[in-house]
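Before any comments, here is the structure.
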2 protein chains.
Amino acid sequence: MTGAARPGTAKAVAELAGVSVTTVSRVLSGQASAIPQETQDRVFAAARQLRYRPNSLARALRKGTTQSIGLIVPDISDAYFHQVARGVEDVAQAAGCVVILTNTDRVPAREEACVNLLLDKRVDGIVFAGGGIDDDTHLDGFDWSSTRVVTIGPHQLPFPSITVDDSAAISDAVHHLAEISCRRILCLAGQPNWLVTQRRLAGYRQAVAELGLDTDPDLVVYGDFTESAGEELTAKALAAGSFDGVIAFNDYTAIGAMHALASAGVRVPDDVAVIGCDDIPVARMVHPALTSVSFSQYEFGRNAAEMILGSVPLPAGQRITFPHELLRRHSTARR
Amino acid sequence: MTGAARPGTAKAVAELAGVSVTTVSRVLSGQASAIPQETQDRVFAAARQLRYRPNSLARALRKGTTQSIGLIVPDISDAYFHQVARGVEDVAQAAGCVVILTNTDRVPAREEACVNLLLDKRVDGIVFAGGGIDDDTHLDGFDWSSTRVVTIGPHQLPFPSITVDDSAAISDAVHHLAEISCRRILCLAGQPNWLVTQRRLAGYRQAVAELGLDTDPDLVVYGDFTESAGEELTAKALAAGSFDGVIAFNDYTAIGAMHALASAGVRVPDDVAVIGCDDIPVARMVHPALTSVSFSQYEFGRNAAEMILGSVPLPAGQRITFPHELLRRHSTARR
DNA sequence: TTGTATGCGTTATCAT
DNA sequence: ATGATAACGCATACAA
């Protein structure tokens, strides 16, 4: 006695096929344990005819899983995160899942807003990319209980984490600069309260100390990982004193530094050698090609997504450390 | 007499506040037209105490809107789409909406899969970025009726569209090359079946004809918008004949071309002038800095998202054409 | 001013 | 082998 069901619903398919919604659900979910082929065919035919697609919202509400992953990045325009995003999305798409992208610009209030948005959407997991800051209190008070979280980069959050040895990465770079006779190495860091800055700075300081290089505190300056910051800081450093090497904590900063050096008539690598960090694609496109510490961003993303979609429970606080590699290019080729 | 409701639900809040779920819903949705402050306070307090956040799935199911936008791009690793994505996400986040990101790699089967995934998620709208191909049949047969769609770039789909004058953009570039005395201009196009290739090729051919330049068909070659394609095609073209200018239909291709030219000892811009298209950030970082046709990708994204979230219905097939601008840099600076 | 009841479209539990 | 029915969590029409 029911009237025509709304189009595009299981009920409509059921009516057309002359069965109940239960049967429709069973057939279309592959749980047709003991349903005769003939009935199944009728259901399939009706579904195709009506272009039926199950409403994922209703399904999610019922099953408690949304088949979606939240991805939080500081800025998707930053090349560092492209490969992360691709890695996450490739794994997700292959599993029939979807990726919700959010940008925080490293602003705590926006980080908080993004987490809220994603939790509201009941994502199955969150990939938190981009290192955290030393004061994480804005992320307290969330109910993470029904969401898997994986962080990429240094974080203090109690979640499984994908990291690199930031300290060793920068230390390796400084050693390379020392090998080509650099003694005063300008360090273009990120913001002081970024954990990634703190880790990498530790590597810089340790290497400088053990190599007996100049420890002038003025050689450490702080920027925001943009090209313009690199340019300005380097110009200022050129005016203030001298240095014969530059280690920048990301490639954009290093490229900015090379611009400032070129503008000042300083030759790279002869007068000043420059090393960046992250090895984004532009590193090998600039002139001179930029020596940089390379990480496997795409694999970070893939692994994070796999941890979230995997059936094995995530060990809280477990850390997976990926390798890094110093790629020597022209910006440090001194002979 | 009902037992304790599941935590984190409106029902739980209602019990704690001693009201009905209706009241909870009204208060928390701001529709508390005539509810005494005292009652509202009790509800707010209970909600805060339980860390209550409405389940967006249930709300979406009920209200028919998901507060989400689907974004389809060929490849989020491609710099062209970063600003588009940022534009979409900025607008979305400001409106409390979320962006679902999908990559197609320009593979029709994956385009289809992405659309299915997004429609299943009942997104409020889809931003289809990256030009289409001339055979759109894989996108027929979808039920778009309950989803707003906006395309960015040339498409044959019957949706409102954000475009540029691709033909004029390339024509302008060719005119610039002619001004600096180029006569044989190598055209590094995309795939022949991409609409963007066809539009831009029309501009190339028209300009070449009206300027009386060399129309040798071997000067037009087809790639896939990657740096390596640009490099290989250019190397092949160098071996096969001569040319004094290059117009590449995207910047990655142009940068690849410059590598091939450098490897062959050909000077840019003196022997061969090079122009790219899209003006992605690397264009000004390479050496020599790349002349390129600039578009407003960020605005594309913002506008598309605004069209989707706006209350005004979208006029089917309406086209908004954004301006383009040729940015002259060192790769065409011949004197 | 507040509450009850119904439905959004599924899936799962129990019947038959 | 199949169906009726009850959730999932919320918003709303309708009562009171």
Side-chain angles (χ1 to χ4, degrees), chain A residues 1-43 46-47 50-67 119-122 124 143 146, chain B residues 1-43 46-47 50-67 119-122 124 143 146:
Chain A
M1 209 49 45
T2 53
R6 297 198 31 181
T9 69
K11 195 171 179 185
V13 176
E15 286 180 9
L16 183 58
V19 297
S20 72
V21 287
T22 307
T23 301
V24 170
S25 175
R26 285 192 181 120
V27 171
L28 267 37
S29 307
Q31 300 175 342
S33 43
I35 294 180
Q37 196 52 243
E38 190 267 339
T39 306
Q40 295 199 34
D41 290 343
R42 278 212 323 278
V43 172
L50 297 180
R51 288 201 179 96
Y52 173 70
R53 299 231 106 211
N55 184 320
S56 71
L57 296 161
R59 174 178 285 180
L61 188 59
R62 179 61 229 241
K63 301 191 49 157
T65 165
T66 51
Q67 303 287 89
L119 291 178
D120 286 353
K121 292 290 186 241
R122 299 302 195 262
D124 297 331
D143 176 14
S146 56
Chain B
M1 213 47 45
T2 52
R6 297 196 32 180
T9 68
K11 195 171 177 186
V13 175
E15 287 180 8
L16 182 58
V19 297
S20 72
V21 287
T22 306
T23 302
V24 171
S25 176
R26 284 191 183 123
V27 171
L28 266 39
S29 307
Q31 300 176 341
S33 42
I35 294 178
Q37 197 52 243
E38 190 267 339
T39 306
Q40 294 199 34
D41 290 344
R42 280 216 317 281
V43 173
L50 297 179
R51 289 201 179 97
Y52 173 70
R53 299 231 107 211
N55 184 320
S56 71
L57 296 160
R59 172 177 286 179
L61 189 59
R62 178 63 225 248
K63 301 194 38 160
T65 166
T66 51
Q67 303 289 88
L119 290 179
D120 286 353
K121 291 289 186 250
R122 299 302 194 263
D124 297 329
D143 176 15
S146 55

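Throughout, protein chains are lettered first and strands after them, A, B, ... in sequence-line order, and every chain is numbered starting at 1.
Between B:Lys121 atom NZ and C:dG9 atom P there is a gap of 17 Å when expressed in whole angstrom units. Atom CG of B:Leu28 and atom P of C:dT2 are 15 Å apart (whole Å). Atom-to-atom, NZ of A:Lys11 to P of C:dT10 comes out at 11 Å; the value is rounded to the nearest Å. For A:Asn55 and C:dT11, the CG to P distance is 10 Å, given to the nearest whole Å. B:Glu15 places its CD atom 13 Å from the P atom of D:dC10, with the value rounded to the nearest Å. If you take CD of B:Gln31 and P of C:dG3, they are 16 Å apart, rounded to a whole angstrom.
Look at B:Thr23 and you won't find any side-chain N or O under 4.0 angstrom from OP1 or OP2 of C:dT2.
Considering all non-hydrogen atoms of both residues, B:Gly8 and B:Ala12 come closest at N-CB, 4.4 Å. Taking all atoms of both residues into account, the shortest heavy-atom contact from A:Arg122 to B:Pro54 is NH1-O, 4.0 Å.
Among the protein residues, B:Thr22 comes within range of the nucleic acid bases, having at least one heavy atom under 4.0 Å from a base atom. Heavy atoms of B:Val19 sit under 4.0 angstrom from primed sugar atoms or phosphate atoms, though from no base atom. Within 4.0 Å of B:Val24, counting heavy atoms only, lies no atom of the nucleic acid at all. The residue A:Arg26 sits close to a base: some heavy atom pair falls under 4.0 Å.
With sequence neighbours excluded, the residues that form a side chain to side chain donor-acceptor pair (under 3.5 Å) with B:Glu38 are B:Arg42.
Here the nucleotide nearest the side chain of A:Pro54, chosen from D:dT12, C:dT2, C:dT10, is C:dT10. Checked against D:dA1, C:dG9, D:dG3, the side chain of A:Pro36 finds its nearest nucleotide in D:dA1.
Looking at residues 56-63 of chain A, you'll see A:Leu61, A:Arg62 sit with a heavy atom under 4.0 Å from some atom of DNA chain D.
Put simply, the side chain of A:Thr66 does not reach to within 4.5 Å of the side chain of A:Lys121, judged on heavy atoms. Residues B:Thr9 and B:Asn55 are not in side-chain contact: their nearest non-hydrogen atoms beyond the backbone lie 4.5 Å or more apart. Side chains of B:Leu119 and B:Asp143 form no contact here, defined as non-hydrogen atoms less than 4.5 Å apart.
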Discussion item. Quick one, A:Leu28 with A:Val43, criterion side chain to side chain contact (heavy atoms under 4.5 Å, CB included). Give me CA distance, side-chain angles, the key distance, then yes/no.
Written reply: CA-CA 8 Å; A:Leu28 267 37; A:Val43 172; 3.6 Å; yes
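Put simply, the side chain of B:Ser29 and the base of D:dA11 share no donor and acceptor less than 3.5 Å apart. With hydrogens and angles ignored, no donor-acceptor pair under 3.5 angstrom links the side chain of B:Thr39 to the base of C:dT2.
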